[in-house]
Amino acid sequence: MLTTIFYKPYFSTTFFNSKNLGLLMKNQEVADLLREIAEYLEITDVPFKPRAYQRAALVIETLAEPIEDIWKAGKLEDIPSVGEGIAKKIAEYLEKGKSAYLKKLKKELPIDADALLSVGGLGPKKVKILYKTLNIKNIEDLKKAAEQKKIRNIEGFGEKTENTILEGITFLQKTENRISLGFALPLAESLKDQLLASKRVHTAEIAGSLRRSKETIGDIDLLAASDNPKRAVEAFLTIAAPKALLGKGEKKCSVILTSGMQVDLRIVKREEFGAALQYFTGSKSHNIALRNKAIKKGYKLNEYGLFKRNKRIAGGTEDSIYKKLGMAFIPPEMRENLGEIQLAEKGSIPPLVKLKDIKGDFHTHTIYSDGRASIEEMIKKAESLGYSFIGISDHFGHLRIANAMDEQRIKKQWKEINAVQKKHPKIKIVKGAEVNINKDGSLDIPPAVLRSLDYAIISVHTNFKMGKQEMTKRICDAMEHENILVLGHPTGGMIGERKPYEVDFDEVVLAAKQHNIALEINSQSKRMDLASPLAKAAIEQGCRVSINTDAHYPDSLEFMRFGVGIARRAWAGKADIINAKELKQKS
DNA sequence: GCCGTTTTCGGCCCGACTGTTTTCAGTCG
């Protein structure tokens, strides 16, 4: 057995507190409830309350702690933007699973507010008028009225609005899903590069949730600086060749690409670029907090700059804005209003892991299982990325669909690895395997083979639908085995395809920490698993993380940057990432 | 309904674009 150790085993003698991280499902439910309340209040024209509910929803959605725990601890009102009134409604919902307040609102306004408001071009005011004049309560009513050309006759509405509504309804049925960062980023980069090449802009940058490296995004936000915005917009339209034009003006333009992706382009002047980039990177919550800081200092912050009275005092760069507000620069990935502003004010933004810190990749496949390239092709690519090591982790066991290896084939593979290693002495090739966790928590590999590996990645590929307790026990039992380095794609979700399995994530984190096993951030476009809120929670608990690509092709090794983005959203430093350090030989 | 190096009361992010107006309300991000 080649004894390579990857990081110093540590074992805390103090018992660490168990915080039930769960999968934060309830947080989303509560956020949805508050948002729905806000919608009804908005339509009934209640002043200021809607925004209060929306703010609270936004905060709860991004909490890394289960709302049930906060409630049980009697600390709901400690959550920013949650006061007495909203705390009571949350408590009632968590206790009874429903809200009397929402029920009352729905009784007073018996319409499907959520659905109607999700139609593009329809806001609270129009929904209310449609209900009052045509008794439109849901999408079916709306569609019928539009098709019968009844809407155009309402005062304040017209033919165009009616058509927009009809288009909005069809669009609604088609686009439910958010797109993975892995698919959206290359597309956005290509648009940006072409825009730059057109020479119609001085500079261009990707903004929005994409720049914040969010695992999934709703649309692409592009920002460009130009002295001739009109020509820049024209150039963009030629490049994007959109299927639909949602809006076009002097300074901005919104389109739907043939892929169904929405792209928003905004053009600003050169001296405004930093302020605009800051503004359009968001998040909304971060920006509102930042703007309030500006107001308190007697400034005004908008997408054109930071102003004292009417004089611009910053705005050319993002850095200049944060500086003038008395803060350290905040990396885009951290801008979620989760405490980063307070850290920046103290000047203690932690150094986040960078792509260039990554020394190797532990999760890769070759033609020995379901990969599409030879060992040497993968090694060459890894070398070109400047890696000092690469782990080959083809499937082992009985996983037919992945062409998993048996004992004979893995021995053949080791021979080939040894030969390739000789040809490529600069990069260390480590012999791993990805092993399926059986339904009962055993591993689909003989103990002797497991021991002879340099390391194993264990992961769930079968029997996704089992009870939470059963799944938790299955995974935790599997982690008891020796020679395991990584728990692969720990929640099993596939973006747009499959929900994560049910598991008590806190227990998984505890077991991983206890057995010195790293949790994976799998950078495959479809996986992005762990996602950043869970990765952040795991790291806060002292768990290590391994950022891997699960590459099945040489070029897929470049997915690493998506995983690094997620890790940065999780506030991970170099020390939290096991493959951001060199391999160490044991004795 | 929330919040406070202006405040326990009186504020609440703000600018672009669209469509329907004929100077602006509504929507969006």
Side-chain angles (χ1 to χ4, degrees), chain A residues 34 37-43 45-60 76-90 101 105 116-130 151-165 167-168 207-210 217-223 229 233 245-255 262-268 272 275-276 278-307 326 337 345:
Chain A
L34 297 179
I37 291 175
E39 285 168 345
Y40 283 95
L41 292 173
E42 223 172 4
I43 296 168
D45 229 2
V46 180
F48 303 110
K49 284 190 192 183
R51 211 174 309 146
Y53 278 91
Q54 278 162 1
R55 269 201 313 262
L58 203 62
V59 171
I60 287 162
L76 284 175
E77 288 186 48
D78 288 0
I79 302 172
S81 301
V82 175
E84 200 186 334
I86 291 181
K88 268 189 192 160
K89 273 136 203 151
I90 297 173
Y101 186 53
L105 290 171
L116 290 172
L117 288 174
S118 60
V119 176
L122 279 193
K125 299 279 158 28
K126 286 201 169 117
V127 166
K128 188 179 184 180
I129 295 169
L130 287 169
I151 290 176
R152 62 180 66 182
N153 300 323
I154 305 171
E155 198 189 329
F157 290 63
E159 208 177 322
K160 279 195 175 170
T161 308
E162 194 174 76
N163 288 331
T164 312
I165 288 172
E167 276 170 31
S209 47
L210 211 41
I217 60 133
D219 57 19
I220 292 173
D221 289 305
L222 286 178
L223 179 71
V233 168
L245 186 60
L246 297 177
K248 191 180 96 158
E250 284 277 311
K251 297 177 172 180
K252 65 193 257 191
C253 151
S254 275
V255 302
Q262 182 175 331
V263 185
D264 296 336
L265 171 74
R266 181 72 178 249
I267 315 279
V268 297
E272 300 161 347
Q278 194 291 315
Y279 181 85
F280 290 106
T281 297
S283 64
K284 197 170 179 177
S285 177
H286 174 91
N287 282 358
I288 290 173
L290 210 63
R291 194 169 292 203
N292 285 327
K293 291 279 175 198
I295 292 169
K296 292 209 182 84
K297 286 190 183 296
Y299 303 150
K300 186 176 86 166
L301 178 63
N302 59 26
E303 59 261 56
Y304 300 115
L306 183 66
F307 298 89
N337 198 23
E345 282 178 323

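Only a predicted model underlies this, so the values are computations on that prediction, with no experimental measurement involved.
- Within 4.0 Å of Pro47(A), counting heavy atoms only, lies no atom of the nucleic acid at all.
- Remark: dT8(B) base-pairs with no nucleotide; criterion is Watson-Crick or G-U wobble with both hydrogen-bond distances under 3.5 Å.
- If you check every strand for non-hydrogen atoms under 4.0 Å, Lys297(A) touches nothing.
- Looking at heavy-atom distances under 4.0 Å, Val46(A) makes no contact with the nucleic acid at all.
- Contact detail for Ile86(A) and Ser81(A): the closest heavy-atom pair is CD1-O, 4.2 Å.
- Residues passing the side chain to side chain donor-acceptor pair (under 3.5 Å) test with Glu39(A): none are found, sequence neighbours excluded.
- Under the rule for a side chain to side chain donor-acceptor pair (under 3.5 Å), Lys49(A) has no partner lying at least two apart in sequence or in another chain.
- The nucleotide range of DNA chain B contacted by chain A, defined by atoms under 4.0 angstrom from heavy atoms of the protein and reported 5' to 3', is dG1(B) to dG29(B).
- Heavy atoms of Arg266(A) sit under 4.0 angstrom from primed sugar atoms or phosphate atoms, though from no base atom.
- Sorted by first and then second residue, the pairs that involve residues 289-303 of chain A and meet salt bridge (charged side-chain N to carboxylate O under 4.0 Å, His left out), not counting sequence neighbours, are Arg266(A)-Glu303(A), Lys293(A)-Glu345(A).
- For Ser285(A), the side chain to side chain donor-acceptor pair (under 3.5 Å) criterion is met by Asn337(A), not counting sequence neighbours.
- Here Leu122(A) lies in heavy-atom contact (under 4.0 Å) with sugar-phosphate atoms only.
- Mapping Ile129(A) and Gly158(A) onto DNA chain B by nearest heavy atom places Gly158(A) at the nucleotide closer to the 5' end.
- With sequence neighbours left out, the side chain to side chain donor-acceptor pair (under 3.5 Å) criterion links Asp264(A) to Ser254(A), Gln262(A).
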